[in-house]
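Residue numbering restarts at 1 for every chain, and letters A, B, ... go by the order of the sequence lines.
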Amino acid sequence: MNVVPSVCTFCGVGCGIGLRVENDRVVGVEPQPGHPVSQGQLCAKGWSTSFAIDAGHRLTRPLIKEHGRFRPASWDEALERVANEFGVARDAAGPTAVGVISCARATNEDNYAAQKFARAVLGTHNIDHCARICHSPSVAGLVRTLGSGAMTNGIADIDLADVILVIGADVTENHAMIGARMLRAQARGARLIVIDPRRTRLARLADIHLQPRLGTNIALLNGLLQIILANGWENSAFLASRCEDTGPLRHHLSDVTPERTSAKTGIAVADLEEVARLYSQARAAYLAYGMGITQFQSGTNNVIAVSNLALACGQVGRPGTGINPLRGQNNVQGACDMGCLPNVYPGYQDASALAVQARFGEAWSVTSPVTPGLTSLGMTRAARDGALRALMIIGEDPVLTDPDQNQVAHALGALDFLVVLELSMTETARLADVVLPAASFAEKDGTFTNCERRVQRVRRAVTPPGEAKADWKILAELAVRMGYPGMDWEDAEAVFDEMALLTPIFSAMTYARLDEHHGLQWPCDAARPQGSPFLHEERFPLGKGRLLPVTNVAPDECPDAEYPFFLTTHRLHFQYGGGSMTRHSPLLEREIPAGLLSMHPDDGGALGLHDRQAVRVRSRRGELETRVRLTDEVPRGTVAMPYHFREAPCNRLTNDAQDPITHMPELKACAVAVEGLPAGEAPNAEAGAAEVIRHVHS
Amino acid sequence: MSTHELAEVERLRRHLAQSRRLYEVRDDGQGGRHWQEVGPKDFTPLEPEGDPPPFSAKLFFFAERELLFRFDGGQFYSSLPEVRPQAIFGLHACDLQAIAYQDRFFAQDPHYQARRHATLLVGVECRESCSNGFCSLVESGPLVGDGLADLVLVRRDDARGWWLRVGSAAGAEAIRELRLPTNLDGCQATRESNAARVALAQLHDRELLDGVAALNAGQVSADTWETLGTHCFGCSGCTQVCPTCSCFAPLEQVGASGEVQHERVWDSCLYEGFQAEASGHNPSASPGQRVQRFWLHKFGEPFREQFGHYGCVGCGRCDRVCPGGIGVHGVIGEVGRP
Amino acid sequence: MIDLTPRKLHLLDSYEDGRDARHFSFRIDFPQAHDLATMPGQFFMLAVPGVGEAPFTYVSPPNLYGHFNALIRRMGNLTDALFALRPGDTLGYRGPFGKGWPLFFSPRRVLVVAGGCGLAPLAGLIDEASREHLSSRLSVVYGARRDEDQILARERLRWKLAIPFIETLDDAAAGQRRGTPLDHFDEVFATVQPDTLLCCGPESLMLGAARASVEHGIQPSRIWVSLERRMHCGVGLCGHCYIGASYACLDGPTYRYDRFLALTGATDSCAAPALQRC
């Protein structure tokens with residue numbers, strides 16, 4: 001038995017874990033008491049790590065689909081097939097007809113390799129990953145107001161705050177160790193304020209819970225800002241020295257009044273004033289938000305409204321403050337940092353800038369692509385229209401996690417060729433022509449970047465099952481087959497070193513230095529060799545911060561007579577993503593509530609539903625059956641569903657109306673109808689799935 | 001049983017490691033402290049003081065994942081672990097008390113006993129109280145109770161060497177070749193002063209006993225339990241690290257060849273599904289009930305009568321691991337307040 | 001040492017016996033002497049290979065040849081898999097476990113109250129009483145929601161000929177008795193004057209029947225209830241079936257009511273309201 005230090009992979013917090021290994025198998029985990037993020041604690045998912053990567057359900061050999069069925073194949077044959085198919089697609093329709101969707105759960109090394117493979121080998125900027133559906137509005141919004149899209153402060157800053165404001169984030173369930181730290185801060189005297197339409201655990205424990213109507217974020221944030229400005233509670237010195245002219249914003253807010261804000265959001269004026277006062281007058285106020293801000297068609301503007309509030313109060317650029325988007329996947333920050341986005345190379349270097357193209361072209365000995373790339377939803381659409389021919393998906397399950405499931409399955413079915421790199425057989429992998437077995441984080445060396453920009457090492461603790469390999473290694477071998485020798489790295493460290501050489505914000509990082517410091521927070525360069533615990537101390541990347549006027553936009557689809565309920569989506573403490581890892585734990589699986597649709601008891605009463613009764617949920621896009629859970633966690637008129645479950649995939653219902661700037665789909669609000677099934681009847685997991693299944697078999 | 005003089009504790013460790021796998025708590029350089037295998041050529045000095053490691057030694061006996069049986073399509077085959085002689089080196093008194101507790105609970109469990117019988121327990125008596133510990137209040141330390149370890153190390157006051165107390169025939173046999181001189185001069189006095197020092201340092205924790213009394217008198221209201229329950233994330237951390245927690249769940253997996261493997265894996269009574277029945281009925285549906293259950297299991301008089309000891313050995317690990325702040329001090333420390 | 005490995009069990013046959021319920025016949029491979037000592041009200045762990053194990057009670061205990069019957073309602077993954085099996089398929093068996101019903105008929109007048117599937121664990125006992133002509137000593141009140149929810153149709157036909165057997169339905173048709181068993185307590189107590197209650201069914205029914213019986217003069221120490229709990233090991237180790245400081249797999253599932261009250265009341269003050277809820 002031995003224990004190998006590593007990093008938990010179940011969310012963006014990046015907790016320290018020790019993998020307990022016996023007979024080349026991870027049998028359990030231990031927390032790391034001295035870890036700067038998790039301080040010796042873990043959530044239920046982290047504790048269940050051993051089940052997630054058990055060899056029992058893992059893919060162990062490459063699979064090739066023939067006549068609709070998978071057969072095992074050698075690496076040689078499978079890679080040759082992939083290389084050929086991508087070659088054929090590219091030759092027939094050009095490099096814009098091929099693309100790669102990378103993985104927010106894979107290592108930085110894997111992601112660096114993925115974007116290099118797309119850009120240097122395939123010759124396309126068609127590279128993206130799921131940040132599109134979690135925090136692309138954070139990046140877009142904060143780039144517009146500050147110039148940089150990451151958490152401005154670290155997790156440890158919570159310890160220094162005297163007010164903590166959480167907006168649209170279910171922190172104790174989804175980023176549990178950040179939630180725990182917030183509760184500890186509250187216990188030592190900090191005021192905890194939660195803004196959420198749902199009555200979450202943190203909301204119940206908070207000093208103040210504001211429960212706005214769904215889709216009124218900007219109205220609320222503008223309203224708070226108006227109260228602050230009207231009372232002179234803003235930080236004038238900060239605005240004068242650090243921000244551009246606030247005149248347009250003040251003008252924009254001139255017809256806002258507390259009463260109008262109250263009428264719009266459903267929150268009492270006194271509560272609005274109290275929160276405005278507490279946040280603006282705090283010595284240090286820590287603002288954190290989640291997908292309750294970003295997953296709207298107004299996602300980018302929502303983020304701008306958050307940023308306006310923080311800038312006006314000067315709650316940025318100091319310890320204990322900040323604008324802090326809580327990122328979902330364990331390495332979504334890293335996948336962005338590594339340039340798995342169509343518009344940037346590693347380190348957010350502009351992919352359309354000629355100098356940047358030239359720099360990477362020279363370093364990689366290729367001609368850099370110039371055509372702008374497609375986002376993942378853009379690639380899905382292009383596939384449906386026949387413009388995208390061949391696609392590689394690394395470790396993501398868009399059939400389950402993307403909005404409007406039927407469309408995604410249809411689009412993937414329309415491809416000439418789909419290859420999926422995966423740990424186990426997911427819904428998306430079932431649609432592939434070739435499936436390649438990937439190594440899990442416990443089976444390879446590499447780094448993850450948590451939501452506070454901390455780059456941390458993971459280490460190979462056990463052998464990959466069967467013939468599985470690290471993603472970067474698979475990509476490197478594929479590159480060789482496609483005639484590109486520039487990815488023939490010795491090991492993960494060599495990938496990291498190449499990346500650090502080309503990425504200024506990582507330039508002072510090495511594996512050895514990461515080990516020494518429990519990870520380092522970027523930017524980490526010659527000027528800041530110890531990394532950057534918080535950003536924007538003296539200036540913003542834009543120079544001065546911008547407060548931009550934004551207006552509330554109602555959700556694209558609101559309840560009406562036909563679809564009388566708002567549906568919002570959320571996550572459960574015990575599950576992660578599509579459950580491809582967590583659902584292998586018998587303990588986490590047991591925690592799945594019988595009723596996945598949360599509904600206020602009054603609404604349930606009006607519909608004559610009893611707790612746990614089977615119901616059919618319909619939207620304009622699809623329907624499903626599940627059981628109802630009557631709870632006052634949701635307000636009247638709003639129902640909520642977690643998105644983890646293939647038996648009741650709520651993204652069959654959600655709307656793909658998009659944020660015009662980032663194409664973030666509006667996953668947090670759509671209109672549905674709910675009807676009870678006859679008493680005693682069980683929900684049918686197949687109901688409404690007919691179309692999806694047809695695509696799977698086509 | 002005899003007491004010997006031991007100049008160099010690392011010599012004992014190297015000797016024991018020659019004929020068995022030996023585990024000692026080591027820093028991993030990344031913020032973790034774990035039981036790691038230490039070879040016979042390891043000269044790293046023992047660091048006997050400080051907080052106990054995040055995990056007690058229970059994982060050596062009550063394995064977190066244990067194969068119970070296999071089914072090949074026709075027959076069921078029981079599976080006992082392949083054990084090799086091992087030594088757990090540097091166990092604190094609290095963890096030794098917990099092993100004794102589990103020895104009793106798992107007395108008829110062949111998997112536990114197979115692992116346990118292959119193990120030599122080497123304790124070390126603490127000279128100072130650790131940061132969250134209250135062993136002296138629950139009678140589990142700092143002195144190692146008779147018969148709880150095969151060998152017990154007691155550091156001399158002058159820090160020049162050790163006494164080695166032999167607690168079992170297996171312990172005596174394990175050190176026979178070292179031919180250590182017998183000497184117990186001053187040993188008892190040192191132990192008594194250690195006990196007094198630790199007890200004094202833990203005096204402020206006496207409020208915990210008020211909490212235990214309130215718990216057993218049924219004076220804690222259901223509302224109080226539900227308030228505490230809101231703080232329970234259901235992470236299972238407390239039950240993972242608690243050295244006496246013993247609940248398990250089945251995990252049945254079908255391999256590629258169709259063979260069925262039936263494991264038992266650590267479970268936690270704090271999970272909502274722990275008692276949920278297939279019908280949907282759940283006798284412990286609310287988080288408050290589950291939190292109450294956990295603490296009754298640790299401090300309830302009926303359990304103390306069954307096992308001769310509280311289910312809590314005062315190690316304080318639950319305090320460190322609980323994200324909701326409802327470890328032993330957060331619960332028992334609070335419910336006793338008037 | 002205990003052995004947690006199942007013994008081989010053969011599925012002999014099954015037939016539909018109530019809504020979503022089947023009546024199974026099994027045969028234990030190489031029955032042993034202790035199999036014959038199985039008492040009504042005890043339970044066994046049934047292993048469906050590849051799915052897992054779950055506790056079920058006997059309708060009839062194993063005979064010399066290892067044959068026994070069980071009534072099983074479809075409830076989840078394991079029973080779904082079980083219902084899909086065919087005669088001849090191999091299962092696993094561990095048992096018997098727990099405490100059965102007390103057997104002390106001769107001087108007593110026993111009232112048996114069962115609800116829904118709760119009749120199954122009492123079947124062996126009712127059988128014994130009806131065989132041994134103790135009809136004057138034992139009467140049964142059996143409640144169910146609707147007639148399709150009733151189980152053990154063949155056995156009930158037989159029992160009705162031998163002992164007083166009242167059936168009552170929540171949704172009764174014309175000519176059927178309406179209501180829960182409790183609704184008929186005044187009549188039953190007036191006619192048979194029981195001094196002992198054995199009860200199995202939903203926890204709310206059992207607690208209601210126990211309380212009503214106490215009001216009708218039965219001593220709490222002459223009332224037995226059979227508790228359902230999630231169980232995995234059957235031998236008091238896995239921890240799931242706790243009731244206060246007791247494990248239902250060792251001390252139950254049949255509990256004397258006064259002991260049950262002491263367990264939940266003395267050590268589990270917060271569980272009591274939960275029990276009343278269900």
Side-chain angles (χ1 to χ4, degrees), chain A residues 1-6 16-18 20 22 25 27-36 38-48 50-51 54 56-57 60 172-173 176-177 179-181 183-184 187 201 204-205 456-457 515-516 518 573-574 585-594 612, chain B residues 21 23 26-37 51 53-55 59-60 63-66 81-82 86 227 230-237 239-241 249-256 261 263 265-268 270-274 276 280 282 287 317 320-325 330:
Chain A
M1 192 195 75
N2 66 321
V3 184
V4 181
S6 188
I17 56 174
R20 190 152 56 236
E22 206 169 86
R25 176 183 182 219
V27 294
V29 298
E30 301 192 0
Q32 305 279 98
H35 192 271
S38 49
Q39 301 174 309
Q41 302 178 350
L42 294 173
C43 75
K45 298 180 287 288
W47 279 114
S48 294
S50 81
F51 304 109
D54 231 0
H57 53 83
T60 56
T172 54
E173 314 309 297
M177 292 311 110
R181 205 140 176 168
L183 290 175
R184 281 201 288 281
R201 179 198 307 276
R204 278 180 282 155
L205 294 172
Q456 310 189 81
R457 287 270 283 116
D515 277 347
E516 262 168 54
H518 289 302
H573 178 87
F574 302 97
S585 159
L587 311 174
L588 300 183
E589 185 74 1
R590 200 179 59 195
E591 290 301 285
I592 297 174
R612 293 208 312 240
Chain B
R21 284 186 180 170
Y23 294 92
R26 290 288 167 92
D27 217 305
D28 68 6
Q30 296 299 308
R33 294 169 67 232
H34 319 283
W35 292 101
Q36 299 281 33
E37 193 172 341
D51 289 347
F55 266 89
L59 52 94
F60 288 102
E64 56 205 308
R65 297 187 65 170
E66 180 90 78
E82 280 175 34
Q86 59 183 358
T227 304
T230 308
H231 285 264
C232 174
F233 289 32
C235 73
S236 81
T239 51
Q240 300 254 357
V241 300
L251 171 60
E252 195 146 313
Q253 292 180 301
V254 185
Q261 305 235 344
E263 285 181 294
V265 303
W266 286 1
D267 201 347
S268 172
L270 276 311
Y271 282 130
E272 184 176 352
F274 184 78
N282 190 344
R317 289 183 173 98
R320 293 189 197 94
V321 84
C322 180

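Here the side chain of B:Glu37 pairs no donor or acceptor atom with the backbone of A:Asn2 at under 3.5 angstrom. Looking at B:Arg65, its side chain never comes within 3.5 Å of a backbone N or O of A:Val27 through a donor-acceptor pair. Counting only distance, with no hydrogens or angles, the side chain of A:Glu591 and the backbone of B:Glu272 share a donor-acceptor pair below 3.5 Å. Judged purely by atom type and a 3.5 angstrom limit, A:Gln32 uses its side chain to pair as donor or acceptor with the backbone of B:Gln30. Between the side chain of A:Gln41 and the main chain of B:Arg320, a donor-acceptor pair closer than 3.5 Å is present.
Proximity to chain A is limited to the side chain of B:Leu59, based on heavy atoms less than 4.5 angstrom apart. For B:Arg26, no part lies under 4.5 angstrom from a heavy atom of chain A. Residue B:Phe60 touches chain A through its side chain alone, counting heavy-atom pairs closer than 4.5 Å. Residue A:Arg457 does not touch chain B at all, counting heavy-atom pairs closer than 4.5 Å. Both the backbone and the side chain of A:His518 come within less than 4.5 Å of a heavy atom of chain B. Neither the backbone nor the side chain of A:Ala594 comes within contact range of chain B; no heavy atoms are under 4.5 Å apart. Only the side chain of A:Phe574 comes within less than 4.5 Å of a heavy atom in chain B; its backbone stays farther off. For A:Ser48, the part lying near chain B is the side chain, with the backbone staying farther off; criterion is any non-hydrogen pair under 4.5 Å. Using a 4.5 Å cut-off between heavy atoms, A:Met1 touches chain B through backbone and side chain atoms alike.
With rounding to the nearest 0.5 Å, the separation of SG in B:Cys235 from NZ in A:Lys45 is 10.5 Å. Between the CZ atom in B:Phe55 and the CZ atom in A:Arg20 there is a gap of 4.5 Å [rounded to 0.5 Å]. Here the CD atom belonging to B:Gln253 is positioned 5.0 Å from the CG atom belonging to A:Asp54, to the nearest 0.5 angstrom. The distance from the CZ atom of A:Arg590 to the CG atom of B:Asp267 is 4.0 Å, given to the nearest 0.5 Å. Atoms CZ and OG1, from A:Arg201 and B:Thr230 in turn, are 7.5 Å apart once rounded to the nearest 0.5 Å.
Options A:Asp515, A:Val4, A:Leu183 differ in how many heavy-atom pairs under 4.5 Å they form with chain B, and the most are formed by A:Asp515. Of the listed residues (A:Gly18, A:Ser50, A:Gly16), the one with the most heavy-atom contacts under 4.5 Å to chain B is A:Ser50. Among B:Gly280, B:Ser236, B:Ala249, B:Gly255, the residue making the largest number of heavy-atom pairs under 4.5 Å with chain A is B:Gly280. Here B:Gly234 is the residue among B:Gly325, B:Gly29, B:Gly324, B:Gly234 with the most heavy-atom pairs under 4.5 Å with chain A. Contact count versus chain B (heavy atoms, under 4.5 Å) is highest, among A:Gly40, A:Cys43, A:Pro33, A:Gly46, for A:Pro33. Each of B:Ala63, B:Ser268, B:Cys322, B:Pro53 has some count of heavy-atom pairs under 4.5 Å with chain A, and the biggest count is that of B:Cys322.
Looking at heavy atoms from C-beta onward, A:Leu587 lies in side-chain contact with B:Tyr271 at the 4.5 angstrom threshold. The shortest side-chain heavy-atom distance between A:Trp47 and B:Val321 falls under the 4.5 Å cut-off.
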TODO: Go through the steps to decide whether A:Thr172 and B:Phe233 satisfy the test side-chain contact (heavy atoms from CB on, under 4.5 Å), and finish with yes or no.
DONE: CA-CA 7 Å; A:Thr172 54; B:Phe233 289 32; 3.6 Å; yes
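Heavy-atom minimum distance, A:Pro31 versus B:Pro54: O-CG, 4.2 Å. Nearest heavy atoms, A:Val29 versus B:Glu64: N-OE1, 4.4 Å.
Remark: B:Glu263 engages A:Arg25 in a salt bridge, criterion side-chain N to carboxylate O under 4.0 Å.
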